[in-house]
Amino acid sequence: MSTTETERRAPAAPTERPGQRANAADRHVGARIRERRVMMGLSQQQLAKMIGVTYQQAHKYERGLNRISAGRLFEIGQVLGVPVSWFFEGLLPESETQEASPRQRMCLELARNFALIDNEKHQEALSQMARALAAQSQAERDGS
């Protein structure tokens with residue numbers, strides 16, 4: 001049996017098969033890790049150190065470029081204070097990870113910046129202001 005020209009060429013990129021490269025679920029889990037890390041005000045370097053991997057590996061996890069073992073995902077959940085199931089929330093079969101909306105990005109940025117405030121009195125003042133503004137908005141909605 002002779003080898004044809006097409007058979008000698010480099011194989012085409014594989015379709016997403018079990019055991020192959022990262023897929024939509026891996027990208028979703030990575031995005032959820034990033035979301036939680038940002039909410040907690042942690043850098044990728046800090047998360048990497050906390051879970052015992054290099055910064056580059058943590059970056060690959062968040063981008064969904066490398067798969068995460070069950071044990072490592074459990075450890076990440078412990079460090080980030082969420083159950084493993086949290087990373088899969090919002091994952092729909094055969095769907096691409098959706099980009100965060102501008103509102104979601106703003107909320108993540110707010111949480112990140114809040115976590116960076118060292119002064120507890122300033123944090124409390126900001127929290128009280130947010131509660132007051134939310135209560136005012138709620139009252140306006142209820143009244144209209």
Side-chain angles (χ1 to χ4, degrees), residues 3-142:
T3 306
T4 66
E5 181 62 29
T6 11
E7 291 172 338
R8 280 182 272 170
R9 289 185 191 153
T15 58
E16 291 182 5
R17 293 179 289 181
Q20 296 298 313
R21 298 174 188 223
N23 61 24
D26 299 308
R27 289 188 296 273
H28 178 83
V29 168
R32 295 286 283 173
I33 291 171
R34 179 179 189 282
E35 177 183 337
R36 182 66 179 167
R37 173 183 63 77
V38 169
M39 275 191 217
M40 295 182 69
L42 297 171
S43 68
Q44 279 185 336
Q45 292 89 344
Q46 289 170 318
L47 176 62
K49 186 175 182 179
M50 293 169 83
I51 62 172
V53 299
T54 64
Y55 156 77
Q56 293 87 350
Q57 185 62 47
H59 178 74
K60 288 178 181 181
Y61 285 157
E62 285 189 6
R63 296 286 313 275
L65 300 174
N66 284 7
R67 289 201 161 161
I68 305 170
S69 71
R72 177 76 70 202
L73 190 58
F74 179 79
E75 185 177 3
I76 293 169
Q78 293 290 300
V79 165
L80 297 179
V82 293
V84 171
S85 61
W86 185 87
F87 297 111
F88 296 94
E89 289 175 7
L91 179 65
L92 300 173
E94 301 299 316
S95 69
E96 291 297 315
T97 303
Q98 296 178 346
E99 288 292 313
S101 71
R103 182 180 176 103
Q104 288 171 319
R105 282 193 294 275
M106 188 173 28
C107 288
L108 288 173
E109 184 179 0
L110 177 64
R112 181 174 149 225
N113 290 330
F114 183 86
L116 293 174
I117 298 171
D118 291 330
N119 187 314
E120 288 184 30
K121 289 184 180 186
H122 290 164
Q123 283 184 329
E124 182 58 33
L126 186 57
S127 181
Q128 287 178 5
M129 183 179 73
R131 276 193 296 272
L133 291 171
Q136 180 183 359
S137 292
Q138 184 67 43
E140 288 173 2
R141 275 193 300 271
D142 292 345

- Ion pair check, Arg112 and Glu109, cut-off under 4.0 Å: no
- Task: Decide, yes or no, whether a salt bridge links Glu124 with Lys121 under the criterion of side-chain N to carboxylate O below 4.0 Å.
- Result: no
For the [atom1] atom of [X] and the [atom2] atom of [Y], what is their distance to the nearest 0.5 Å?
{"X": "Arg37", "Y": "Ser43", "atom1": "CZ", "atom2": "OG", "value": "7.0 Å"}
{"X": "Leu80", "Y": "Ile51", "atom1": "CG", "atom2": "CD1", "value": "8.0 Å"}
{"X": "His28", "Y": "Ile33", "atom1": "NE2", "atom2": "CD1", "value": "10.5 Å"}
{"X": "Leu91", "Y": "Arg27", "atom1": "CG", "atom2": "CZ", "value": "10.5 Å"}
{"X": "Arg36", "Y": "Leu108", "atom1": "CZ", "atom2": "CG", "value": "11.0 Å"}

Heavy-atom side-chain proximity of [X] to [Y] below 4.5 angstrom:
{"X": "Arg34", "Y": "Tyr61", "result": "no"}
{"X": "Gln45", "Y": "Lys49", "result": "no"}
{"X": "Ile76", "Y": "Ile68", "result": "yes"}
{"X": "Phe88", "Y": "Leu73", "result": "yes"}
{"X": "Asn23", "Y": "Arg67", "result": "yes"}

- Task: For the pair Phe74 and Val79, evaluate side-chain contact (heavy atoms from CB on, under 4.5 Å) and give the outcome as yes or no after the intermediate values.
- Result: CA-CA 9 Å; Phe74 179 79; Val79 165; over 6 Å; no
Which pair of heavy atoms, one from [X] and one from [Y], lies closest together, and at what distance?
{"X": "Ala48", "Y": "Thr54", "result": "CB-O, 3.5 Å"}
{"X": "Gln46", "Y": "Gly41", "result": "OE1-O, 3.9 Å"}
{"X": "Leu42", "Y": "Met50", "result": "CD1-SD, 4.1 Å"}

- Is there a donor in the side chain of Gln138 and an acceptor in the side chain of Arg141, or the other way round, less than 3.5 Å apart? yes
- Taking atom types as modelled, find out whether Arg131 and Ser127 have a side-chain donor-acceptor pair closer than 3.5 angstrom. yes
- For Glu62, the option from Gln44, Gln57, Arg32 that meets side chain to side chain donor-acceptor pair (under 3.5 Å): Gln44
- Note on the structure: side-chain contact (heavy atoms from CB on, under 4.5 Å) test vs His122 passes for just one of Asp118, Leu126, Asn119, namely Asn119
- Check: Gln128 side chain, Ala125 main-chain N or O, donor-acceptor pair, under 3.5 Å: no
